[in-house]
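Everything numeric here is computed off the predicted structure, so don't read it as measured data.
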Amino acid sequence: MQSTLQGAPRKNFRHQGVPASGPADDHSALLANIAVGNKLDETVIEITAGGFEAKFEKATEFALTGAPCPTSLDETTIPYYKSHHTDAGSAIKLDVPKLGLRTYLAISGGFKAEKFLDSTSTYLPANLGGHEGMQLKPNDTIEFLNNKPTTPPICIPPRLHPFFSNLWPLRVCKGPEFSALSSKNQKSIFRENLKIGSRLNRMGIQLDNVSLEINSDGRMKSEPVFPGTIQCPEDGNPFILLTDAQTTGGYPRILQVISADRHRLGQIRPHDGISFILTKPDEAVEILKQKKNAINQLTQP
């Protein structure tokens, strides 16, 4: 269980070795901000695996999205994907989600956080941004900002609620080193359900007991990688990079999760299953365009 402050990703610094960071499920974080009328990348609290309790010291509007934890405000159950009012002194409690991994809490105006390279997002490996660069601890106090809402609070329509499961379909494009896979695995990787192992964090997701046949001696020159890049080392067990991952890597990049599906990576739990759906690059662009259009329609006055 871990909670951090996450805002906009760090853009235009990958050439300096700085990861993007930001919400692991950026779609859910964006919906939380829309629900309370914030700008889309206002700072939110990312709650991993539930088990979160907090007291509001000021009256505010708030919303929850993402992994559906049983949640109460002063012992009253509250729904997700809509704005709620809370008075000063009220307490919120989230239990453990049955599906998904990360839940997002947004308040009207946003949370105050430290900026690093134009972003308030916490990057835990280097203790940057967020709240002293660290995960939130018992008795921490997070101040509210007084940013004015950009749109009225709204109830998010169900058609935009993210999908939750313990078997995750992921649309992917072939990576630059896809041909390093054996001809057999170039076909089987799109036909089989694959298992996630126990190694999983904001940097990446390790697959377990996959054993792909890969033509690699471990001496590939480091090449650019991004959130959603799927690399395969010599042992044949691929791993998927997430938002805090490094900016270069020396293992074959066999697949790339399309941008429109990357938010799903932030909700995958240990021992979930995944399946890969081969997608052409032009199809991936169109899918992302449709997703952005749906969001834009929601936020237009």
Side-chain angles (χ1 to χ4, degrees), residues 2-30 32-33 39-49 66 101-104 110-111 113-136 170 172-173 175-177 196-197 199-207 220-233 238-270 274 284 288:
Q2 179 186 85
S3 297
T4 58
L5 294 173
Q6 299 294 340
R10 291 183 177 87
K11 298 179 179 179
N12 305 320
F13 296 102
R14 297 191 71 81
H15 66 291
Q16 297 179 7
V18 181
S21 298
D25 174 0
D26 59 349
H27 182 66
S28 291
L30 175 149
N33 276 319
K39 64 178 184 178
L40 302 186
D41 58 2
E42 193 62 79
T43 304
V44 299
I45 297 180
E46 178 180 272
I47 301 163
T48 301
L101 186 62
R102 294 179 173 93
T103 304
Y104 293 86
F111 293 100
E114 299 172 12
K115 270 194 174 184
F116 174 74
L117 296 180
D118 300 326
S119 170
T120 60
S121 293
T122 307
Y123 179 55
L124 291 173
N127 298 129
L128 301 173
H131 182 68
E132 300 176 351
M134 302 174 68
Q135 69 182 56
L136 302 182
L170 298 171
V172 297
C173 296
E177 289 79 45
I196 301 301
R199 295 177 59 194
L200 181 157
N201 56 28
R202 283 179 46 88
M203 296 188 72
I205 300 171
Q206 179 74 61
L207 277 69
M220 182 182 124
K221 292 182 180 179
S222 290
E223 296 285 353
V225 293
F226 302 89
T229 297
I230 302 171
Q231 295 185 269
C232 187
F239 55 88
I240 310 173
L241 301 183
L242 263 64
T243 188
D244 277 353
Q246 71 277 9
T247 59
T248 61
Y251 294 123
R253 302 160 295 177
I254 57 173
L255 298 169
Q256 177 71 40
V257 178
I258 70 171
S259 294
D261 281 2
R262 280 205 314 236
H263 67 279
R264 291 186 175 181
L265 300 176
Q267 296 295 352
I268 295 174
R269 300 158 65 113
I274 61 172
L288 181 61

Item to complete: Please report the C-alpha distance between Asp26 and Arg262 in whole Å, then the side-chain angles of each, then the deciding distance to 0.1 Å, and finally whether the side-chain contact (heavy atoms from CB on, under 4.5 Å) criterion is met.
Response: CA-CA 8 Å; Asp26 59 349; Arg262 280 205 314 236; 5.7 Å; no

Discussion item. Could you go through Asn33 and Leu40, starting from their C-alpha distance and side-chain angles, then the distance that decides it, and tell me whether this counts as side-chain contact (heavy atoms from CB on, under 4.5 Å)?
Written reply: CA-CA 6 Å; Asn33 276 319; Leu40 302 186; 5.6 Å; no

Discussion item. Measuring only between side-chain heavy atoms, which start at C-beta, is Tyr251 closer than 4.5 Å to Val225?
Written reply: no

Response to the item:
Nearest heavy-atom contact between Thr120 and Ala113 is CB-CB, 3.7 Å

Item to complete: Please answer whether the main-chain N or O of Pro238 pairs with a side-chain N or O of Gln206 as donor and acceptor at a distance below 3.5 Å.
Response: yes

Worksheet item: Considering only heavy atoms from C-beta outward, does the side chain of Leu5 approach that of Ile45 to under 4.5 Å?
Response: yes

Discussion item. Going by ring-ring contact (aromatic ring centres under 6.0 Å, His included), name the residues that satisfy it together with His131, two or more places apart in sequence or in a different chain.
Written reply: none

Fill in: Contacts of type side-chain hydrogen bond (donor to acceptor under 3.5 Å, both in side chains), residue Ser21, not counting sequence neighbours
Asp244

Worksheet item: Does the side chain of Ser119 come within less than 4.5 Å of Lys11's, by heavy atoms?
Response: no

Worksheet, complete the sentence: Tightest non-hydrogen contact, residues Cys173 and Ala284, listed as SG-CB, 4.1 Å

Fill in: Euclidean distance, Thr122 OG1 relative to Gln135 CD, rounded to 0.5 Å
10.0 Å

Worksheet, complete the sentence: From the list Gln2, Gln6, Arg202, side-chain hydrogen bond (donor to acceptor under 3.5 Å, both in side chains) with Glu46 holds only for Arg202

Fill in: Min side-chain heavy-atom separation Met134-Asn127 under 4.5 Å
yes

Worksheet item: Once you round to the nearest 0.5 Å, how far does CD of Gln256 lie from CG of Leu170?
Response: 11.5 Å

Item to complete: Kindly compute the distance separating CD1 (Ile268) from CD1 (Ile205), expressed to the nearest 0.5 Å.
Response: 4.0 Å

Practice prompt. State, to 0.1 Å, how close Val44 and Ala29 come at their nearest heavy-atom pair, and which atoms those are.
Written response: CG2-CB, 4.2 Å

Discussion item. Evaluate Thr48 against Leu101 for side-chain contact (heavy atoms from CB on, under 4.5 Å), listing each step before the verdict.
Written reply: CA-CA 6 Å; Thr48 301; Leu101 186 62; 3.9 Å; yes

Worksheet item: Do Ser28 and Arg102 touch side chain to side chain, with heavy atoms closer than 4.5 Å?
Response: no

Worksheet item: Do you know which two heavy atoms are closest between Cys232 and Ile254, and how far apart they sit?
Response: CB-CD1, 4.0 Å

Item to complete: Could you tell me whether the side chain of Leu255 reaches within less than 4.5 Å of the side chain of Val257, counting heavy atoms only?
Response: no

Worksheet, complete the sentence: Taking every heavy atom of Thr247 against every heavy atom of Gly17, the minimum-distance pair comes out as OG1-CA, 3.5 Å

Discussion item. Does any part of the side chain of Met203, heavy atoms only, come nearer than 4.5 Å to the side chain of Leu242, both counted from C-beta?
Written reply: no

Practice prompt. Kindly say whether Arg253 contributes a backbone atom to a donor-acceptor pair with the side chain of Glu177 at under 3.5 angstrom?
Written response: yes

Fill in: Shortest non-hydrogen contact between Thr243 and Pro19, atoms and distance
O-CB, 4.1 Å

Worksheet item: Which residues pass the side-chain contact (heavy atoms from CB on, under 4.5 Å) test with Leu128, sequence neighbours left out?
Response: Phe116, Tyr123, Ala126

Item to complete: Working to the nearest 0.5 Å, report the span between CD of Gln16 and CZ of Arg10.
Response: 12.5 Å

Discussion item. The test is side-chain contact (heavy atoms from CB on, under 4.5 Å); show your working for Ile274 and Leu207 and say whether it passes.
Written reply: CA-CA 9 Å; Ile274 61 172; Leu207 277 69; 3.9 Å; yes

Worksheet, complete the sentence: Rounded to the nearest 0.5 Å, the CZ atom of Phe239 sits from the OG1 atom of Thr229 at a distance of 9.5 Å

Worksheet entry | Distance-only polar pair, side chains of Gln267 and Asp25, donor-acceptor under 3.5 Å | yes

Practice prompt. Give, for atom CD1 of Ile47 and atom OG1 of Thr103, the distance between the pair rounded to the nearest 0.5 Å.
Written response: 6.0 Å

